[in-house]
Student: 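Here it is, the structure, as structure tokens.
In what follows, chains carry the letters A, B, and so on, assigned in the order in which the sequence lines appear, proteins first and then strands, with residues in each chain numbered from 1.
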Amino acid sequence: MNAMVKAEGVHKSFGPVEVLKGIDLEVAPREVFCLIGPSGSGKSTFLRCINHLEKISAGRLSVDGELVGYRQKGDKLYELKDSEVALKRRDIGMVFQRFNLFPHMSAIENVMEAPVQVKGESKAVARARAERLLDRVGLADKAGNYPSQLSGGQQQRVAIARALAMEPKLMLFDEPTSALDPELVGDVLDVMRGLAEDGMTMVVVTHEMGFAREVGDALVFMDDGVVVESGHPRDVLTNPRHDRTKAFLSKVL
Amino acid sequence: MPRPGRGARPGASRPEPSPPGNRPGPGDPGRAPVPQVSNRLAIERLLVTADIKKTGPEDVPPPPAAGPEAIRAIPVRHYGRYVTAILAIALFGLVVYAFSQGDINWGTIPEYFFDDRIIEGVWKTLLLTVLSMAIGIVGGILLAVMRLSKNPVTSSIAWFYIWFFRGTPVLVQLFVWFNLGLVFQYINLGFYRDEWSDFMTPLLTALLGLGLNEAAYMAEICRAGLLSVDEGQTEASHALGMSHSKTLRRVVIPQAMRVIVPPTGNEVINMLKTTSLVSAVQYAELFKFAQDIGSASGAPVEMYFLAAAWYLVMTSILSVGQYYLERYYARGSSRTLPPTPLQKIRSTVFSVRRPKGVSA
């Protein structure tokens with residue numbers, strides 16, 4: 001089976017600081033892949049490398065069999081043009097910790113924006129899909145509201161609908177519930193659970209161990225730029241083998 | 001300031017609506033302690049306030065009907081305000097008196113205020129302002145984008161342009177444009193060929209001088225605006241597959257406008273006044289006409305006052321326009337828009353009429 005995301009020895013440095021020190025992992029299609037670890041361990045950076053918001057410094061990273069950010073001809077690598085990178089990003093949805101909704105557009109306009117502007121879809125088609133997606137995340141009645149008039153949980157659900165509007169084959173979640181009040185986390189996780197049931201391939205950076213255990217198909221514990229431990233979430237979370245994993249889990253569970 | 005006791009911040013303490021399915025019905029006793037009647041009242045109130053506040057339904061104030069009785073207290077008296085008001089009026093009266101006693105023939109001002117030449121000058125001043133600002137804004141956005149570009153060549157060109165045009169006085173630049181015929185004798189664009197002196201009319205000199213200078217200032221204003229937009233916005237837009245230019249046009253610039261518009265309003269008002277300099281390069285606008293009439297009719301100083309009055313009228317109108325433009329670009333960024341002047345006057349009048357001690 002072809003991996004949806006495949007990382008081989010991925011390194012990333014910001015100046016002299018090496019954030020990723022050789023990451024190897026594979027995400028299978030239809031899999032919910034959870035990345036956990038302390039802050040500064042490089043999990044968010046790795047996620048951002050997958051859709052080329054960050055350039056990797058060494059190693060190979062591919063999505064659905066194609067290299068991220070480069071094209072290979074013979075044994076030479078060619079950097080992709082911005083427009084080619086943009087083309088690949090259409091198929092990868094991303095949800096951010098701080099939502100990053102467009103504040104000057106209403107909820108439905110946020111969801112319609114990319115299909116209309118990027119795919120050149122007609123407004124009527126985009127609006128119909130946006131209404132369906134907002135209904136799916138439970139916000140059909142908030143379509144006309146601006147982000148500043150929505151709670152954090154509602155904003156994040158609009159952000160998920162916005163990413164889904166491009167009908168991606170892969171969804172990246174960068175700590176989607178970390179900026180939310182505890183009582184609002186559940187609604188967002190419910191939406192993500194629904195996505196997982198529909199077979200969406202998802203890479204999720206999270207601190208929600210309960211979600212990882214229930215919904216996750218695979219889990220990786222990262223620390224200090226390396227993968228410390230990986231396996232099925234139930235095994236890693238209940239029987240961590242590595243000391244660092246044990247220490248981390250004892251603090252968060 | 002005394003407020004009604006209930007929910008001062010509308011929407012702030014609103015409970016998160018639960019996902020569909022387990023939403024409580026309208027009559028659910030657990031969730032809706034307020035009786036049905038006042039709910040309907042609230043909806044009516046919503047309809048009444050909707051056309052004034054022009055915001056989403058989230059911002060509806062809570063129904064005061066259900067709240068406790070409003071506080072009635074004697075407000076603090078600000079005696080200092082009365083004193084300063086009287087002093088200011090007295091000082092103003094003295095100045096007016098001094099001017100009225102001066103050797104100035106005030107009668108000539110209304111006589112010439114709507115003179116044909118003055119009106120023509122006003123139109124030309126406005127035309128010059130609009131066109132130079134158009135050049136300035138378009139050039140400014142272009143320069144700002146160039147300046148922030150990753151391309152080192154374009155960013156250096158923009159830097160040099162701003163350095164040069166901001167570093168020399170606009171009057172000097174006007175004279176340079178005016179005398180450029182010393183360098184170029186002909187202009188030849190292939191399809192258009194002419195003597196330089198015929199090509200470089202006073203209007204073109206004025207437009208280039210003012211517009212290109214303005215572009216340098218607008219570039220810095222636009223750059224600050226573009227930088228003020230959160231990086232997450234660009235990332236979100238890129239992650240959706242939008243190109244650089246689409247991101248700029250659809251996401252970054254609309255948000256940058258909130259930061260760009262207020263100083264641009266200042267620039268427009270400034271430009272309107274700076275146009276008076278172009279009389280030096282023989283372009284006839286308000287100031288030039290006022291000068292000409294002044295020297296012909298023997299009332300030069302009076303005509304300066306007249307010009308000043310016209311400039312004041314025009315800048316005042318522009319200020320009002322600026323206010324509404326700022327209000328437009330504030331949408332989405334704040335929950336409630338600031339009131340329009342008309343709304344402000346209305347609310348002040350109403351609050352004066354209300355019994356003392358009740359907050360407006």
Student: Given heavy-atom pairs under 4.5 angstrom as the criterion, report whether the side chain, backbone, both or neither of R162(A) touches chain B.
Tutor: both
Student: Using non-hydrogen atoms and a 4.5 Å limit, figure out which bit of F96(A) sits close to chain B: side chain, backbone, both or neither.
Tutor: side chain
Student: Against chain A, label H238(B) side chain, backbone, both or neither, depending on which of its atoms sit under 4.5 Å from a heavy atom there.
Tutor: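 Interface part for H238(B): both.
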Student: Is the backbone N or O of Y146(A) less than 3.5 Å from a side-chain atom of Q149(A), with the two atoms forming a donor-acceptor pair by type?
Tutor: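 Here the side-chain-to-backbone pair exists.
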Student: Quick one: does E84(A)'s side chain have a donor or acceptor within less than 3.5 Å of a partner on K81(A)'s backbone?
Tutor: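 Yes: the side chain of E84(A) pairs with the backbone of K81(A).
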Student: Below 4.5 Å from any heavy atom of chain B, which atoms of L53(A) appear? Answer side chain, backbone, both or neither.
Tutor: side chain
Student: Check for a donor-acceptor pair, side chain of R90(A) on one end and backbone N or O of M242(B) on the other, with a separation under 3.5 Å.
Tutor: no
Student: Apply side-chain hydrogen bond (donor to acceptor under 3.5 Å, both in side chains) to S155(B) and S149(B), showing your working.
Tutor: CA-CA 6 Å; S155(B) 79; S149(B) 133; over 6 Å; no
Student: Contact part of L172(A) toward chain B, heavy-atom cut-off under 4.5 Å: side chain, backbone, both or neither?
Tutor: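 Neither part; nothing is under 4.5 Å.
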Student: Check whether any side-chain N or O of K6(A) sits under 3.5 Å from a backbone N or O of V27(A) as a donor-acceptor pair, and report yes or no.
Tutor: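 A pair under 3.5 Å: no.
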Student: Find the one option among V191(A), I92(A), L101(A), L87(A) whose heavy-atom pairs under 4.5 Å with chain B are most numerous.
Tutor: L101(A)
